[in-house]
Every structure is written in structure tokens, then in C-alpha cells.
Amino acid sequence: MLKYVSGAKNVELSLSRLDTLKLHSDVKSVIASRPVIAFAVKLDGEEMATLNAPVEIRLPYTPDVEELANSKYLTVSYVAANSTFVQLLNGKYDSALQAMVFPAANTGQYAVVYTKKFFNDVIKDSWYAPAVETMTSKGFIDGTSATSFSPEQKVTRGEYLAWLVRTLDLKAELNTTFSDMKRTDLYYEEIGIAKALGIAMGSNGKFYPEMEIARQDLAVLTMRALRAVGKTEQTRTAEDLKRFTDAANVAKYATDDMAGMVRMGFINGRSNVTLSPGGTTTRAEAAQVLYKIFSQL
């Protein structure tokens with residue numbers, strides 16, 4: 001964090017727990033009795049707002065009975081100046097440390113929050129419900145509205161790639177973009193990160209974010225992203241696909257990556273019989289794939 005600080009004679013770091021009674025009512029309504037801390041770094045008395053590199057903070061925390069049983073919904077949010085919450089995608093409860101662990105890229109206030117999202121169109125006890133509830137609550141994936149997830153709707157290339165980048169917490173400096181992407185587009189940053197890391201190649205300089213993604217292309221993007229974070233140590237070959245009746249339909253460029261997804265258990269095929277490589281993927285299916293990946297990280 002301080003590696004590139006030059007000329008400073010005095011460095012002061014401070015962590016303090018804030019008095020919740022003195023916090024804004026909007027903040028108190030979200031955090032309940034959970035802690036809020038202030039993190040500050042000063043160089044020669046001048047406070048830094050943005051750090052050169054994130055620092056990992058481990059905040060001792062004892063969950064209540066409900067939180068302990070559903071600790072995946074515990075996370076940390078950055079409290080912005082206007083008392084709005086910016087959820088950190090990779091804040092989590094570590095049971096071994098008995099602490100909330102999160103990276104702080106900025107100085108300021110951080111709050112422990114318990115967020116469990118529900119959607120009216122997600123069937124309770126359905127095969128995809130845990131994936132949707134967990135991944136939306138963590139902020140990795142989005143609903144189509146505040147009350148709807150649209151599980152049977154087809155996922156687009158832009159949606160899936162953005163969800164993948166968030167799930168793996170990928171970071172990169174944005175340098176170039178695709179010709180069909182604008183800075184104001186919903187997933188501009190995530191797709192830009194994927195392009196910078198060589199995950200998203202596009203075609204003829206375009207990414208076609210609104211197009212429904214083919215299942216074999218989903219596999220290719222996912223395996224490229226997993227390689228970027230060193231999570232594809234398992235070997236895979238076309239032999240892993242032989243049990244599926246339509247294995248011969250997998251495009252040559254996607255064979256190894258589809259096999260990798262099968263070998264790692266991220267894709268089981270439809271009814272364990274077909275891969276449907278050229279077919280599309282529902283939002284529920286995409287959530288399930290990413291949930292399996294998240295659970296293994």
C-alpha cells in the first residue's frame with residue numbers, strides 16, 4: 001500500500017469503531033447493531049483518499065444465530081459521503097478467523113451488512129434458488145428489477161461476462177474497448193476489464209453484448225477467466241465429453257474449454273445427456289454455473 005509513497009516523513013494509519021448512535025438514520029436502518037469502522041491513512045498529516053494498493057482488513061465479528069447459519073449473506077459495504085452503501089464484492093465472513101475480511105481500496109467508512117435478496121419469480125426450493133439468492137445478495141449478478149430475476153430469460157453476452165468478472169473479482173487497467181461499447185453502457189467497465197485481460201476477444205472489433213450467449217462460448221469465456229486467476233490446474237480432453245450424445249457438435253475452438261467445464265463440475269449437461277453447445281443459456285443456468293465457481297474459490 002505504501003510502496004510508492006515517496007518523501008513522506010510521517011505515516012499514520014488508524015482504524016476506529018464508530019458510535020452507531022451518531023450515524024445518519026439511513027445508515028443505522030441498514031446496519032442495525034452491526035459495526036461500522038473508519039479507516040484513515042495520513043501522510044505528513046494529509047489524509048489519503050485512494051490507496052496505491054488495497055489493504056486487507058480483518059474485523060472481528062460474532063454473527064448472531066441467523067447470520068451464522070447463513071454467513072454467505074454477510075458482507076461489507078463502503079459508506080459513501082451521501083450515506084449510500086457501495087457493496088464490496090469480495091467482503092466475507094471467515095469462520096476460522098471469526099472476522100469479516102475485506103480489501104479496502106479507499107479510506108473512509110466500512111459497515112458490516114447482512115443482505116439476503118428475494119425475487120417474486122424465483123420458486124422457493126427450486127434447483128436454482130440458492131444460486132440466485134446468494135449471487136444477487138453478494139452483488140455478483142443482477143435481477144431484471146427489484147422484485148424479478150427472470151430465471152427463464154436468456155442471458156446475454158454482456159450480462160454473463162459482467163457477472164463472471166465480478167464473481168472472480170477481476171481487475172485491469174482499461175485501455176481500449178470494443179467499437180459497439182460506449183462508456184455509458186451498463187457493463188462497460190466489466191467488459192473492458194475482460195478485454196484487457198484477453199478473456200473477451202470479440203469479432204471484427206465488436207463484442208455484441210446484447211446477443212444471447214451460446215453455451216460453448218460461455219464455456220470459453222469462463223475457462224479463459226479461470227486461467228487468468230490460476231484456477232484451471234485440472235487436465236481435460238475431448239474424452240470428458242464422450243458421455244454426451246451431442247459431443248460431436250461442439251465447435252473445435254471450444255472443445256477443450258467445454259471439457260474443462262465438465263471436468264470441473266461447472267456444466268453437467270442437460271439431463272446429463274446433452275451439452276447443447278450451440279444453444280443458449282437461461283439466467284438461472286448462468287447463475288448456477290457462477291455459484292458453483294464461487295463455492296470453489
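Note that the numbering runs from 1 along the sequence shown for the chain. Since this is a predicted model, take the numbers as computed values, not measurements. Values below: all heavy atoms of this structure, side chains included; hydrogens, waters and symmetry mates excluded.
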Practice item. State, with a plain yes or no, whether a side-chain heavy atom of Phe140 is found less than 4.5 Å away from one of Leu164. Key: no

Check your understanding: In this structure, are over 12 heavy atoms from other groups packed under 6.0 Å from Gln98 atom CD?
Key -> no

Practice item. Inspect the contact between Arg270 and Glu285 and indicate whether a charged nitrogen and a carboxylate oxygen are less than 4.0 angstrom apart. Key: yes

Practice item. Check whether Leu68 and Tyr73 end up in the same hydrophobic cluster, where Ile, Leu, Val, Met, Phe, Trp and Tyr are linked by side-chain heavy atoms less than 4.5 Å apart. Key: yes

Practice item. Look at the side-chain heavy atoms of Ile, Leu, Val, Met, Phe, Trp and Tyr, link any pair under 4.5 Å apart, and say whether Ile37 and Val55 land in one connected group. Key: yes

**Study point:** Expected output: side-chain Glu159 to main-chain Thr156 donor-acceptor under 3.5 Å
**Key:** yes

Review point. Is the side chain of Ser126 donor-acceptor paired with the backbone N or O of Val122 at a distance under 3.5 Å, no angle test?
Key: no

Practice item. From the options Arg224, Gln216, Arg227, select the one residue that forms a side chain to side chain donor-acceptor pair (under 3.5 Å) with Asp257. Key: Arg227

Review point. Do Ser77 and Val86 have side chains that get closer than 4.5 Å, going by heavy atoms?
Key: no

Check your understanding: Are the side chains of Leu275 and Met258 in touch, meaning some heavy atoms are under 4.5 Å apart?
Key -> yes

Review point. Are Tyr110 and Phe102 near enough that their ring centres are under 6.0 Å apart?
Key: yes

Revision key, fill the gap. Separation between OG (Ser150) and CZ (Phe119), nearest 0.5 Å, reads 9.5 Å

Check your understanding: Is a donor on one side and an acceptor on the other found under 3.5 Å between the side chain of Thr107 and the backbone of Met48?
Key -> yes

Point to revise | Polar side-chain atom of Asp240 near backbone of Val262 as donor-acceptor pair, under 3.5 Å | key: no

Practice item. With rounding to the nearest 0.5 Å, note down the distance linking OH in Tyr208 to CE in Met181. Key: 13.5 Å

Review point. Would you say Thr282's side chain and Lys154's backbone share a donor-acceptor pair under 3.5 angstrom?
Key: no

Point to revise | Spatial distance of atom OG1 (Thr167) from atom OH (Tyr160) [nearest 0.5 Å] | key: 8.0 Å

Check your understanding: With distance as the sole test, does Asn70 use its side chain to make a donor-acceptor pair with the main-chain N or O of Glu66 at under 3.5 Å?
Key -> yes

**Study point:** Intermediate values then yes/no, side-chain contact (heavy atoms from CB on, under 4.5 Å), Met261 and Leu218
**Key:** CA-CA 10 Å; Met261 294 286 282; Leu218 180 149; 4.1 Å; yes

Check your understanding: Can you name the closest pair of heavy atoms from Ala111 and Phe85 and give their distance?
Key -> CB-CE2, 3.9 Å

Exercise for review: Might you work through the side-chain contact (heavy atoms from CB on, under 4.5 Å) test for Leu168 and Phe294, ending with a clear yes or no?
Suggested key: CA-CA 8 Å; Leu168 296 177; Phe294 172 68; over 6 Å; no

**Study point:** Any donor-acceptor N/O pair, Thr75 side chain to Gly91 backbone, under 3.5 Å
**Key:** yes

Check your understanding: With a cut-off of 6.0 Å (strictly less than), are more than 12 heavy atoms of other residues, nucleotides or ligands near CG of Leu13?
Key -> yes

Exercise for review: First locate atom CD of Glu212, then atom CG of Asp217, and finally report the distance between them rounded to the nearest 0.5 Å.
Suggested key: 12.5 Å

Exercise for review: To the nearest 0.5 Å, tell me how far Thr222 OG1 sits from Leu290 CG.
Suggested key: 6.5 Å

Check your understanding: Do other residues, nucleotides or ligands put more than 12 heavy atoms under 6.0 Å from Asp44 CG?
Key -> yes

Check your understanding: Taking C-beta and beyond as the side chain, do Met223 and Met264 meet within less than 4.5 Å on heavy atoms?
Key -> yes

Exercise for review: Give a yes or no on whether a salt bridge exists between Lys171 and Asp169, defined as a side-chain N under 4.0 angstrom from a carboxylate O.
Suggested key: yes

Practice item. Would you mind reporting whether Gln109 and Phe39 have side-chain heavy atoms less than 4.5 Å apart? Key: no

**Study point:** More than 12 heavy atoms of other groups within 6.0 Å of Glu56 CD
**Key:** yes

Return a table of donor-acceptor pairs under 3.5 angstrom between the side chains of residues 187-201 and protein atoms on other chains or two or more places apart.
| from | atom 1 | to | atom 2 | distance (Å) |
| --- | --- | --- | --- | --- |
| Tyr187 | OH | Asp142 | OD2 | 3.4 |
| Glu190 | OE2 | Arg166 | NE | 3.0 |
| Glu190 | OE2 | Arg166 | NH2 | 3.3 |
| Lys195 | NZ | Thr176 | OG1 | 2.8 |

Check your understanding: Can Arg283 and Glu152 be counted as an ion pair, charged N to O under 4.0 angstrom?
Key -> no

Review point. Got more than 12 heavy atoms from elsewhere within 6.0 Å of NZ, Lys116?
Key: yes

Check your understanding: Are any side-chain N or O atoms of Thr84 and backbone N or O atoms of Ala80, one a donor and one an acceptor, separated by less than 3.5 Å?
Key -> no

Study note, to complete from the structure: OH of Tyr128 to CD of Gln288, rounded to nearest 0.5 Å, is 11.5 Å

Check your understanding: Is Pro151 close to Asp121 at the side-chain level, that is, under 4.5 Å between some pair of heavy atoms?
Key -> yes

Practice item. Mark yes or no for whether Asp94, through its side chain, and Ala96, through its backbone, hold a donor-acceptor pair below 3.5 Å. Key: yes

Exercise for review: For the pair Arg157 (side chain) and Phe207 (backbone), establish whether a donor and an acceptor sit closer than 3.5 Å, ignoring hydrogens and angles.
Suggested key: yes

Check your understanding: Considering only heavy atoms from C-beta outward, does the side chain of Arg17 approach that of Pro35 to under 4.5 Å?
Key -> yes

Practice item. Using the side-chain contact (heavy atoms from CB on, under 4.5 Å) rule, take Ile31 and Val112 through it: C-alpha gap first, then chi angles, then the decisive distance, then the call. Key: CA-CA 7 Å; Ile31 65 167; Val112 176; over 6 Å; no

**Study point:** Non-hydrogen side-chain atoms of Arg215 and Pro277 separated by less than 4.5 Å
**Key:** no

Exercise for review: Could you walk me through whether Phe266 and Gln296 pass side-chain contact (heavy atoms from CB on, under 4.5 Å), step by step?
Suggested key: CA-CA 10 Å; Phe266 300 143; Gln296 290 189 23; 3.4 Å; yes

